Amino acid sequence: MKTQMRNPTLLLLLLLSSQLCSVLSWKKDEFRNCNQTPFCKRARARKPSSSSLIAQDVAIFDGELTAKLFPEKTQENPDEQDQDRIKALVLTLSVYQDGILRLKIDEDPKLDPPKKRFEVPDVILPEFSNKKLWLQKLSTETIGGDAGTSTIVYLLDGYEAVLRHDPFEVYVREKGGNRVISLNSHGLFEFEQLRVKRDGEEWEERFKGHTDRRPYGPQSISFDVSFYGADHVYGIPERATSFALKPTRGPGIEDSEPYRLFNLDVFEYIHESPFGLYGSIPLMISHGKSRGTSGFFWLNAAEMQIDVLGSGWDAESGISLPSSQSRIDTLWMSEAGIVDAFFFVGPGPKDVVRQYTSVTGTPAMPQLFALAYHQCRWNYRDEEDVEQVDSKFDEHDIPYDVLWLDIEHTDGKRYLTWDRMLFPHPEEMQRKLAAKGRHMVTIVDPHIKRDDSYFLHKEATEKRYYVRDATGKDYDGWCWSGSSSYLDVLRPEVRSWWAEKFSLENYVGSTPSLYIWNDMNEPSVFNGPEVTMPRDALHQEDAEHRELHNAYGYYFHMATADGLVKRGDGRDRPFVLSRAVFAGSQRYGAIWTGDNTAEWDHLRVSVPMILTLGLTGISFSGADVGGFFGNPEPELLVRWYQLGAYYPFFRGHAHHDTKRREPWLFGDRNTERIREAIHIRYMLLPYFYTLFREANTSGVPVVRPLWMEFPSEEATFSNDEAFMIGSSLLVQGIYTEHARHASVYLPGKESWYEVKTGVAYKGGRTHKLDVNEESVPAFQRAGTIIPRKDRFRRSSTQMVNDPYTLVIALNSSQAAEGELYVDDGRSFEFQQGAYIHRRFVFSDGKLTSLNLAPTPPGQAQFSSECVIERIILQGLSTGQKSALIEPENQKAEIEKGPLLLHSRQGPTAITIRKPNVRIVDDWVIKLL
């Protein structure tokens with residue numbers, strides 16, 4: 001969130017007046033472009049084949065391929081000065097289960113570099129190392145017209161990795177055949193080594209009055225990566241642009257910028273821009289009709305710039321690559337770090353996501369309440385305001401689960417405190433919400449007010465837990481609390497200390513129903529370069545901030561989530577929303593897309609932003625419904641609720657300068673439309689919860705691009721106006737005002753059933769549909785079964801014991817299947833087997849419930865008395881009047897009923913009424 005700081009001291013206002021211009025509106029010149037970023041400018045200027053490295057001393061050590069990379073010119077024409085500048089690099093190739101190849105390249109520690117280059121800790125799962133396949137032998141092969149040999153490594157049945165020695169290149173290929181991914185095929189690899197500064201050298205960099213000392217000089221890395229058989233590439237969030245990444249360099253592309261990965265606090269960001277926002281995940285995924293899907297991940301937390309190179313960019317390079325395969329070339333550039341890269345062979349979209357999350361972790365399983373609707377504003381003024389908003393939701397029969405408090409609830413922006421004038425009884429306020437099954441979230445940002453009477457600052461100073469400036473003093477920057485310091489959360493002991501602060505004893509005024517929101521954790525520094533921490537600030541072991549900047553918010557998020565786990569003695573799952581994001585953030589909570597604006601374009605771009613986050617591991621994400629800035633017209637607000645009801649994370653939020661926009665403030669008709677949108681979310685909570693469990697076990701996102709479910713349909717490859725929720729629902733947003741028609745592409749060969757009416761539409765074609773203001777188009781895929789809860793309550797907590805509805809959409813074979821996952825919605829006991837997991841299969845005129853939950857002796861148990869009270873059959877071609885329930889040998893009636901309860905439509909859906917079979921049991925229902 002952003003606005004001018006309201007501080008009584010004139011000195012602070014004067015100091016910030018110049019630095020805050022970047023947060024008052026989007027100003028392109030307040031942020032560095034590639035030409036103003038020396039490492040990016042140098043890398044872009046290099047020509048193909050400029051790399052002269054060759055691989056030598058290839059061997060097996062500790063189950064991995066090892067080699068040295070030597071610059072060729074030092075072999076041909078040794079020069080003492082050049083050899084001092086360019087020394088041998090150490091390369092390792094390691095193979096892991098499921099077709100994962102890891103490439104590491106670093107400076108040789110035996111050659112005494114000035115310091116150890118930074119490797120990002122605590123992102124890769126500890127158990128990932130157990131999946132390493134220990135290499136026993138290497139084979140060699142002479143490829144093409146090479147004078148020397150290449151080394152071949154087994155990767156997976158049908159796949160192998162190739163280390164080409166001269167010139168140096170690494171690629172994955174189908175065994176003996178087509179390439180999948182390659183690195184340095186165009187000879188653009190460059191590794192700037194750390195060295196001692198020479199007399200007269202100028203290493204400092206300046207931008208907008210800020211000076212970066214750069215004590216270790218240039219240390220960037222760049223290389224090309226090619227994806228074969230690719231029609232499009234995706235990923236590398238976070239930015240507000242199309243889902244399929246557009247070329248940034250090449251013929252006909254002028255004045256373009258690379259895709260930037262540098263976590264920044266960007267005020268009122270613009271759409272259709274390659275500019276980086278609050279998060280950085282350096283994972284790119286390619287997809288094409290001919291080859292399928294593959295992925296490339298570079299574990300590096302320094303600033304990164306990535307070019308997607310348009311066709312013909314290398315026309316004059318003279319390099320010959322396989323012409324039988326379509327190919328997308330990319331250029332990866334980072335300011336610092338090492339090469340720690342992962343190649344994912346796929347070959348399917350879900351395979352790549354599974355492979356990536358086996359490295360960085362699958363999404364955490366959230367509490368059930370976190371999937372429901374959240375109501376937020378900067379700021380709900382006081383306890384009376386909170387109580388009135390809460391009661392108005394009940395008065396208007398609109399469910400919600402979480403009410404949020406922004407920075408104004410604190411005592412002078414001192415986090416983990418309360419303004420006791422405005423919130424004199426915070427525990428009682430939270431308990432009143434909890435009595436209705438509701439929760440509260442308070443904001444806790446990383447900047448700590450430099451006030452000697454503030455307990456957090458006093459302890460952190462005494463323990464020397466802050467990030468230091470380049471001179472070694474505690475770094476002092478400006479943020480909401482004025483003069484502030486920032487915890488060095490790279491250090492595990494600092495994270496542990498921070499986690500302890502969320503105990504009920506330390507966070508005075510908190511209760512077990514209070515959860516946390518981490519904002520500004522890029523980290524945002526109002527008077528810093530580009531509104532962030534200086535790159536030469538120092539962390540543990542003198543790691544420079546430049547080396548880990550993109551992971552700072554990740555470590556803060558981790559520590560906060562761990563704090564909530566500790567608060568509940570490890571029993572309750574945490575909920576922490578973060579704005580900054582990095583690889584692995586999915587293990588710690590939810591992400592939102594930041595400070596968007598109440599504009600139709602921002603509604604539109606929210607879909608590719610959420611799709612991209614999901615594809616890169618972050619399933620639990622959403623955009624502020626209604627737009628954070630500005631005042632949405634009622635039609636836009638309604639459309640945003642209708643679409644946002646299908647986001648994985650569903651929250652309405654607004655800036656304090658906007659008009660109040662609670663759902664009941666826009667007239668009765670619009671209140672009814674918003675209520676219906678929120679009701680749909682609550683109705684679908686069993687389906688969403690089941691999908692979150694799938695994400696938790698497999699990494700496959702809750703919200704998916706159409707091509708993840710229909711990977712061979714080219715019409716889906718660049719479609720980012722529609723999306724899948726799991727494999728069963730397709731949603732098409734409405735992104736223009738006064739829309740009366742919408743074109744919707746429905747993939748596949750089977751039919752799709754409109755969710756509200758049950759009308760069937762054929763797959764494999766685009767339909768021009770009439771639309772109205774009551775809903776956005778949503779369809780259930782034929783051949784699927786969706787679990788719902790149709791009774792409306794005040795909150796999701798009050799729905800726990802309600803009965804279920806199964807909606808069966810039959811395909812052309814009169815068959816369908818689906819799943820239901822249920823646990824206690826709160827604890828970690830599901831990890832010990834305390835859950836219900838059922839598969840429903842309809843075939844040959846009967847519906848069968850099958851148990852998918854293993855129950856070994858001694859495992860925790862979970863049970864439920866919930867029953868299924870309605871079964872809706874869409875597409876049934878026969879006219880049965882009753883059904884037999886086995887093994888009870890009871891009959892149930894089949895009749896026409898409403899497709900949606902509380903709808904204005906009459907009874908149009910074929911319904912088995914009150915079969916009352918328990919969800920925990922095995923049973924069969926036969927149509928008679």
Side-chain angles (χ1 to χ4, degrees), residues 287 289 292-293 348-350 611 646 684 687-688 690-691 694 700-733 742-771 775-788 805-820 839-850 871-880 899-900 908-912 925 927:
H287 183 71
K289 186 175 182 179
T293 315
K350 295 178 184 179
L611 286 173
Y646 297 102
L684 290 173
Y687 181 58
F688 271 95
T690 300
L691 293 174
E694 181 184 0
V700 176
V702 172
V703 166
R704 308 168 185 174
L706 272 58
W707 56 259
M708 182 167 277
E709 294 297 326
F710 301 91
S712 63
E713 291 204 31
E714 294 179 77
T716 67
F717 293 178
S718 58
N719 185 337
D720 57 11
E721 291 194 346
F723 54 90
M724 296 292 299
I725 303 170
S727 61
S728 303
L729 282 180
L730 183 150
V731 176
Q732 168 73 50
S743 293
V744 183
Y745 179 74
L746 298 176
K749 297 178 181 179
E750 295 287 348
S751 295
W752 295 79
Y753 297 89
E754 208 278 326
V755 166
K756 288 193 67 175
T757 65
V759 173
Y761 294 87
K762 291 184 177 180
R765 62 186 64 182
T766 299
H767 298 268
K768 185 177 181 181
L769 305 178
D770 294 333
V771 296
S775 63
V776 296
F779 304 86
Q780 182 173 347
R781 181 181 181 180
T784 66
I785 300 175
I786 289 179
R788 300 189 328 207
T805 294
L806 295 183
V807 182
I808 303 176
L810 297 174
N811 62 18
S812 57
S813 300
Q814 293 288 282
E817 63 179 53
E819 295 183 11
L820 171 66
R839 172 171 290 149
F840 304 115
V841 177
F842 188 94
S843 181
D844 299 324
K846 61 183 180 182
L847 175 64
T848 304
S849 177
L850 304 169
I871 299 173
I872 296 172
L873 292 157
Q874 297 189 98
L876 186 66
S877 60
T878 53
Q880 290 93 337
L899 183 57
L900 299 176
T908 59
I910 298 173
T911 305
I912 303 175
I925 300 177
L927 302 186

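Bear in mind the structure is a predicted one, so any value in this text is a computation, not a measurement.
Between L927 and L873 the shortest side-chain heavy-atom distance falls below 4.5 Å. At a threshold of 4.5 Å between non-hydrogen side-chain atoms, the residues I786 and L684 count as touching. No side-chain heavy atom of L820 sits under 4.5 Å from any side-chain heavy atom of Y687. Residues V776 and V731 form a side-chain contact, since some pair of their non-hydrogen atoms from C-beta on lies under 4.5 Å apart. When side chains are defined from C-beta on, I871 does not count as touching T911, because their heavy atoms never get closer than 4.5 Å. Taking 4.5 Å as the limit, some side-chain heavy atom of P747 sits within range of a side-chain heavy atom of W752. Using a 4.5 Å cut-off on side-chain heavy atoms (C-beta onward), K762 and L746 make no contact. Between I808 and I872 the shortest side-chain heavy-atom distance does not fall below 4.5 Å.
For the residue pair Q732 and Y745, no side-chain donor N or O sits within less than 3.5 Å of a side-chain acceptor on the partner. Between the side chains of T690 and E694, no donor-acceptor pair is found at a separation under 3.5 Å. Between the side chains of E817 and T784, no donor-acceptor pair of N or O atoms lies under 3.5 Å.
The minimum heavy-atom distance between M724 and P705, with the atom names listed, is CG-O, 4.3 Å. Taking both residues in full, the closest heavy atoms of G726 and R704 are given as C-NH1, 3.3 Å, listed atom of the first, atom of the second, then distance. Summarising the geometry of Y646 relative to I725, their closest heavy-atom pair is CD2-CD1, 3.2 Å, with the distance given to 0.1 Å. Residue V755 comes nearest to L899 through the heavy atom pair O-CD2, 3.1 Å, listed as atom of the first residue, atom of the second, then distance. In terms of heavy-atom proximity, L810 sits nearest to A782 at O-CB, 3.5 Å. Nearest heavy-atom pair across F840 and S849 is CE2-OG, 3.6 Å.
The aromatic ring centres of F779 and Y753 sit 6.0 Å or more apart.
The distance from the CD1 atom of I785 to the OG atom of S728 is 9.0 Å, given to the nearest 0.5 Å. Here the CG atom belonging to L611 is positioned 9.5 Å from the CE atom belonging to M708, to the nearest 0.5 angstrom. Here OG of S718 is found 10.5 Å from CG of L706. Values are rounded to the nearest 0.5 Å.
A donor-acceptor contact shorter than 3.5 Å is absent between the side chain of E713 and the backbone of T716. Under a 3.5 Å cut-off, the side chain of T757 and the backbone N or O of V759 do form a donor-acceptor pair. Judged by distance alone, the side chain of Q780 and the main-chain N or O of V807 form a donor-acceptor pair under 3.5 Å. Between the R781 side chain and the S727 main chain, a donor and an acceptor come within less than 3.5 Å of each other. With hydrogens and angles disregarded, a donor-acceptor distance shorter than 3.5 Å links the side chain of N719 to the backbone of E721. Between the Q814 side chain and the S877 main chain, a donor and an acceptor come within less than 3.5 Å of each other.
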Trace of the side-chain contact (heavy atoms from CB on, under 4.5 Å) decision for V700 with L691
CA-CA 9 Å; V700 176; L691 293 174; over 6 Å; no
Check against side-chain contact (heavy atoms from CB on, under 4.5 Å), Y761 and L769:
CA-CA 10 Å; Y761 294 87; L769 305 178; 3.4 Å; yes
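Between K350 and E709 there is a salt bridge, since a side-chain N of the basic residue sits under 4.0 Å from a carboxylate O of the acidic one.
For K756, the NZ atom counts as densely surrounded, since its 6.0 Å shell holds more than 12 non-hydrogen atoms of other residues, nucleotides or ligands.
Under the 30°/60° scheme for interplanar angles, the aromatic rings of W707 and H287 are found to lie parallel.
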